[in-house]
Amino acid sequence: MASQNVLTPQSEDFPRWYQDVVAKAEMADNGPVRGTMVIRPYGYAIWERIQAEIDARIKEAGAQNAYFPLFIPESYFSKEAQHIEGFSPELAVVTHAGGEKLAEPIVVRPTSETVIGEFMAKWIQSYRDLPLLLNQWANVVRWELRPRLFLRSSEFLWQEGHTAHASYEDASRYARRIHTDVYNDFLEKVLAVPTFLGIKPASERFAGAINSMTCEGMMRDGKALQMATSHELGQNFAKAFDIYFQNEQGQAELCHTTSWGASTRLVGGLIMAHGDDRGLVLPPRLAPTQAVVVAVRDEPEVNEACERIAAQLKGAGVRVLVDKGRGSFGRRLTDWEIKGVPVRIEVGPRDLAQGVVAMARRDSGAKVTLAIESLATQVPDLLEEIQGLMFEGALSFRDGLTRDVSSIPEAVEAAQDGFARLAWDLVGAEGEAVLRADAITVRCLQRADGTMPVSDDESGLICIVSKSY
RNA sequence: CGGGCUGUAGCGCAGCUUGGUAGCGCGCUGCGUUCGGGACGCAGAGGUCCCGGGUUCAAAUCCCGGCAGCCCGACCA
């Protein structure tokens with residue numbers, strides 16, 4: 001019996017395909033309130049892997065984890081003019097509590113610059129207290145008009161870093177370090193998603209920032225997804241919250257702050273960057289389960305052999321799971337494919353008689369026969385090989401759909417199914433408005449050599465434009 | 001928040017036009033036969049027909065109002 005399509009094919013209806021994967025891979029469900037999301041164990045396991053990898057990099061960059069409250073006084077938001085203007089449409093506000101109307105409404109945090117600013121002001125006295133490098137893992141609420149599981153939900157999980165520095169240079173250097181050493185390193189090395197690093201044009205900048213940086217990835221339908229962002233906040237929040245320090249000369253100076261975040265949206269990006277018509281395809285370094293040992297039949301000898309093989313693999317550092325042979329074989333294979341497990345090892349009585357197993361890889365679908373004793377050395381190598389190939393594949397896919405163009409009409413044409421790259425001088429604020437009519441936005445600004453500019457004032461910048469999530 | 005489409009068993013849907021006993025496929029439970037790419041037989045369980053109101057002898061079906069989902073826009077991690 002041939003395996004049939006369990007999912008809507010990508011080519012037929014990409015958004016439908018996405019929803020099918022989220023449902024059939026048991027990643028998430030809609031919550032009862034519009035825009036909310038229930039993250040199921042498999043989806044959460046993926047998020048935990050993302051967290052672990054990003055958290056380790058954040059700590060490597062010297063920031064410490066802390067936790068600030070969910071509830072923020074509404075008055076805090078009014079302290080930074082652009083911040084309140086940018087966020088007010090998305091705020092959820094608590095007006096009643098304890099059975100009474102509150103004297104001052106409480107905002108459910110959409111981001112924590114304001115509360116953290118308040119405490120930075122309290123904690124920072126001297127230049128010796130700087131830099132102050134904080135991070136928190138938290139949920140935030142931004143009321144969404146058009147929610148989509150993982151990609152845009154009214155409540156989502158994320159990590160938000162907040163730092164204070166003695167100088168513009170130090171703050172800028174640190175925000176850029178986070179952008180490359182934490183986010184981009186994670187995206188390329190673990191998520192196997194190549195990105196365009198750049199700065200946002202003023203129209204797309206974070207409310208209250210002097211500069212926003214982005215990692216833009218391309219999804220399988222050619223649309224862009226902002227996968228992480230870092231902001232240079234200048235002295236805007238320092239002014240609003242009186243974040244001063246005494247310099248070596250004993251004079252009071254305003255701090256320069258940064259903030260940076262990555263969210264559960266990454267799970268959606270992961271699905272759309274690598275998935276195919278058979279479901280998820282997880283990069284091995286990220287996969288909660290890297291290899292599944294599937295018993296062809298539910299027989300004691302077979303199950304025992306599976307356990308032995310799994311123990312060997314575990315000993316070799318592989319995250320492995322055993323699927324004992326309950327239920328139909330084909331059905332179980334399909335389920336593991338939908339879940340994107342990178343390597344599948346099939347063990348049946350015929351194999352055991354010969355001391356071999358069948359090993360299938362999720363990325364290419366190729367199946368080979370291998371000696372059982374070689375698995376502990378071969379599987380880890382194969383996982384690394386798949387990791388590399390997935391990045392290469394995503395890179396060539398993206399580069400194939402990224403075209404250099406020299407006019408806005410050409411950009412519109414190219415952005416129907418991919419990215420267009422053109423001189424920023426040809427676009428500008430007026431060009432952005434024209435592109436917007438076709439649902440195309442400027443994803444980022446780069447220098448001609450692809451590196452990140454200091455600001456959008458630099459001459460000779462190019463921009464990458466596309467449709468986006 | 002605008003425009004379009006849709007809410008009936010866990011999932012996908014029919015039934016609604018023309019009001020009159022709530023159905024199908026998949027899945028689920030039990031038993032048996034199977035098992036190397038979504039197996040088969042038999043028996044079974046499972047429903048506030050999204051919610052509230054209205055019309056009617058009678059509403060899944062007609063009317064009004066909500067809520068929720070999907071797609072397309074404007075806003076965003």
Side-chain angles (χ1 to χ4, degrees), chain A residues 1-8 13-16 18-20 23-24 26 29-36 85-91 110-111 138-160 183 200 203-207 212 214-217 224-231 259-269 278-279 294-299 302 324-338 344-353 356-358 360 365 367 369 433 436-441 467-469:
Chain A
M1 49 220 89
S3 85
Q4 47 192 283
N5 270 341
V6 187
L7 308 168
T8 306
D13 185 342
F14 195 83
R16 185 73 186 264
Y18 177 82
Q19 291 167 224
D20 285 353
K24 298 255 165 69
E26 301 180 327
D29 259 335
N30 282 308
V33 172
R34 180 180 168 78
T36 61
E85 189 190 330
F87 274 106
S88 53
E90 299 180 80
L91 296 183
T111 179
N139 60 336
V140 285
V141 169
R142 298 181 185 180
W143 216 251
E144 279 298 338
L145 305 174
R146 193 181 159 195
R148 301 185 69 160
L149 289 172
F150 291 114
L151 299 172
R152 260 192 315 258
S153 46
S154 286
E155 178 193 6
F156 58 90
L157 306 182
W158 77 344
Q159 144 286 308
E160 51 177 323
Y183 296 141
K200 286 289 185 187
S203 59
E204 304 267 330
R205 207 176 276 156
F206 176 76
S212 288
T214 178
C215 298
E216 296 287 326
L225 182 73
Q226 177 174 316
M227 303 190 75
T229 178
S230 310
H231 313 291
S259 68
W260 25 279
S263 72
T264 37
R265 171 178 279 186
L266 285 172
V267 179
R278 289 168 166 254
V294 181
V296 171
R297 290 161 174 253
D298 187 9
E299 293 175 359
V302 175
K324 297 194 177 165
R326 294 193 184 88
S328 99
F329 182 63
R331 174 55 182 265
R332 283 144 58 219
L333 300 191
T334 308
D335 285 345
W336 291 117
E337 277 176 349
I338 292 173
R344 191 178 66 234
I345 293 160
E346 304 171 8
V347 183
R350 295 209 296 261
D351 299 311
L352 291 179
V356 299
V357 294
K367 213 186 244 195
T369 301
R436 208 173 275 278
D438 287 277
I440 297 162
T441 50
K467 298 192 173 186
S468 69
Y469 281 96

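Within every chain, numbering begins at 1; the chains are lettered A, B, ... in the order of the sequence lines, protein sequences first and strands thereafter.
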Phosphate oxygens OP1/OP2 of B:C35: is one of them under 4.0 Å from a side-chain N or O of A:Arg332? no
Indicate, with a heavy-atom threshold strictly under 4.0 Å, whether A:Pro15 touches base, sugar-phosphate, or nothing. sugar-phosphate
Provide the distance between the two P atoms, one in B:G12 and one in B:C67, to the nearest whole Å. 23 Å
Which label fits A:Phe87 and A:Phe206: parallel for a plane angle under 30°, tilted from 30 to 60°, or perpendicular past 60°? perpendicular
Of all the choices, B:C70, B:C76, B:G37, which nucleotide is nearest to the side chain of A:Arg142 once you look at every atom? B:C76
Separation between CG (A:Asp20) and CD1 (A:Ile338), nearest 0.5 Å, reads 9.0 Å
Taking atom P of B:A74 as reference, at what distance in whole Å does atom CD1 of A:Ile440 sit? 11 Å
Side chain proximity check, A:Arg350 to A:Val296, heavy atoms < 4.5 angstrom: no
Tell me which nucleotide among B:G12, B:A77, B:C76 gets nearest to the side chain of A:Glu90. B:C76
For B:U61, give the paired nucleotide (Watson-Crick: N1-N3 plus N6-O4 or O6-N4; G-U: N1-O2 and O6-N3; both under 3.5 Å), or none. none
Side chain A:Arg344 and base B:G37 donor-acceptor under 3.5 Å: yes
State whether the distance check finds a donor on one side and an acceptor on the other, under 3.5 Å, for side chain A:Lys367 versus base B:G36. no
For B:C5 versus B:C75, give the span between their C1' atoms, rounded off to a whole number of Å. 23 Å
Given atom CG of A:Asp298 and atom C1' of B:U33, what is their separation to the nearest angstrom? 15 Å
Inter-nucleotide P distance (B:U56, B:U61), Å rounded: 16 Å
Can you tell me which nucleotide in B:G37, B:G73, B:G36 comes closest to the side chain of A:Ala439? B:G73
Measuring only the C1' atom in each nucleotide, how far is B:G47 from B:C24? A whole number of Å is fine. 15 Å
I'd like to know if A:Arg436 and A:Glu204 make a salt bridge, using a cut-off of under 4.0 Å between side-chain N and carboxylate O. yes
Return whichever of A:Ala228 or A:Val347 has its heavy-atom-nearest nucleotide of RNA chain B closer to the 5' end. A:Val347
Take the protein atom CG of A:Leu151 and the nucleotide atom P of B:A77, then report the distance between them rounded to whole Å. 14 Å
Has A:Tyr469 got a side-chain atom pairing as donor or acceptor with A:Gln226's backbone, closer than 3.5 angstrom? no
NZ of A:Lys24 to CZ of A:Arg278: how many Å apart, nearest 0.5 Å? 14.5 Å
Atom pair distance, as rounded to whole Å: CD in A:Glu26 and C1' in B:G27: 12 Å
Could you check which of B:C71, B:G37, B:G36 has an atom nearest any side-chain atom of A:Glu337? B:G37
B:G2 pairs with which nucleotide, Watson-Crick or G-U wobble, both distances below 3.5 Å? B:C72
Among B:C75, B:C71, B:C70, which nucleotide has an atom closest to any side-chain atom of A:Glu144? B:C75
Given the C1' atoms of B:A14 and B:C51, what is the spacing between them in whole Å? 23 Å
Would you mind classifying the nucleic acid contact of A:Ser259 as base, sugar-phosphate or nothing, using non-hydrogen atoms under 4.0 angstrom? nothing
Does the side-chain ring of A:Phe156 lie flat on the base of B:A77, meaning centres under 5.5 Å and planes less than 30 degrees apart? yes
Quick one: are A:Gln19 and A:Thr8 in side-chain contact, heavy atoms under 4.5 Å? no
Pairing partner of B:U17, by Watson-Crick or G-U wobble and under 3.5 Å for both distances, is none
Taking 4.0 Å as the cut-off, does a side-chain nitrogen or oxygen of A:Arg148 come that near to OP1 or OP2 on B:C70? no
If you only use heavy atoms from C-beta on, which nucleotide in B:G36, B:C1, B:A77 is closest to the side chain of A:Val296? B:G36
Ignoring backbone atoms, establish whether A:Arg265 has a side-chain N or O less than 4.0 Å from OP1 or OP2 of B:A77. no
Rounding to an integer number of angstrom, what distance separates B:G10 and B:G53 when you compare their C1' atoms? 30 Å
To the nearest Å, how far apart are A:Tyr183 OH and B:A77 P? 13 Å
A:Arg146 side chain: which of B:C72, B:C75, B:G36 is closest? B:C72
Taking the P atom of each, how far is B:G37 from B:C50, in whole Å? 42 Å
Nearest of B:A77, B:C76, B:G12 to any side-chain atom of A:Ser263? B:A77
Any strand: nucleotide that pairs with B:C49 via Watson-Crick or wobble, under 3.5 Å: none
Please give the nucleotide sitting opposite B:C26 as a Watson-Crick or G-U wobble pair, both distances under 3.5 Å, or none. B:G10
B:G37, B:A77, B:G36: which one has an atom nearest the side-chain heavy atoms of A:Thr334? B:G37
At under 4.0 Å, does any side-chain N or O of A:Gln159 touch on OP1 or OP2 of B:A77? no
Taking pairing as Watson-Crick or G-U wobble with both contacts under 3.5 Å, can you name the mate of B:C40, or confirm there isn't one? B:G32
Whole-angstrom distance between B:C64 and B:U18, as gauged at atom P: 15 Å
Answer yes or no: does a side-chain N or O of A:Ser328 lie under 4.0 Å from OP1 or OP2 of B:A39? yes
Between B:G36 atom C1' and A:Glu299 atom CD, what is the distance in whole Å? 12 Å
On RNA chain B, does the nearest nucleotide to A:Trp158 precede the nearest nucleotide to A:Ala358 from the 5' side, or the other way round? Give the residue. A:Ala358
Can you check the A:Leu145 CG to B:C76 P distance for me, whole Å? 11 Å
Write down the distance between CG (A:Asp438) and P (B:A74), rounded to a whole number of angstrom. 10 Å
Check A:Asp298 with A:Lys324, please: is the shortest side-chain N to carboxylate O separation under 4.0 Å? no
Over 12 non-hydrogen atoms of neighbours within 6.0 angstrom of CZ in A:Arg16: no
Do any side-chain nitrogens or oxygens of A:Arg297 fall under 4.0 Å of OP1 or OP2 in B:G36? no
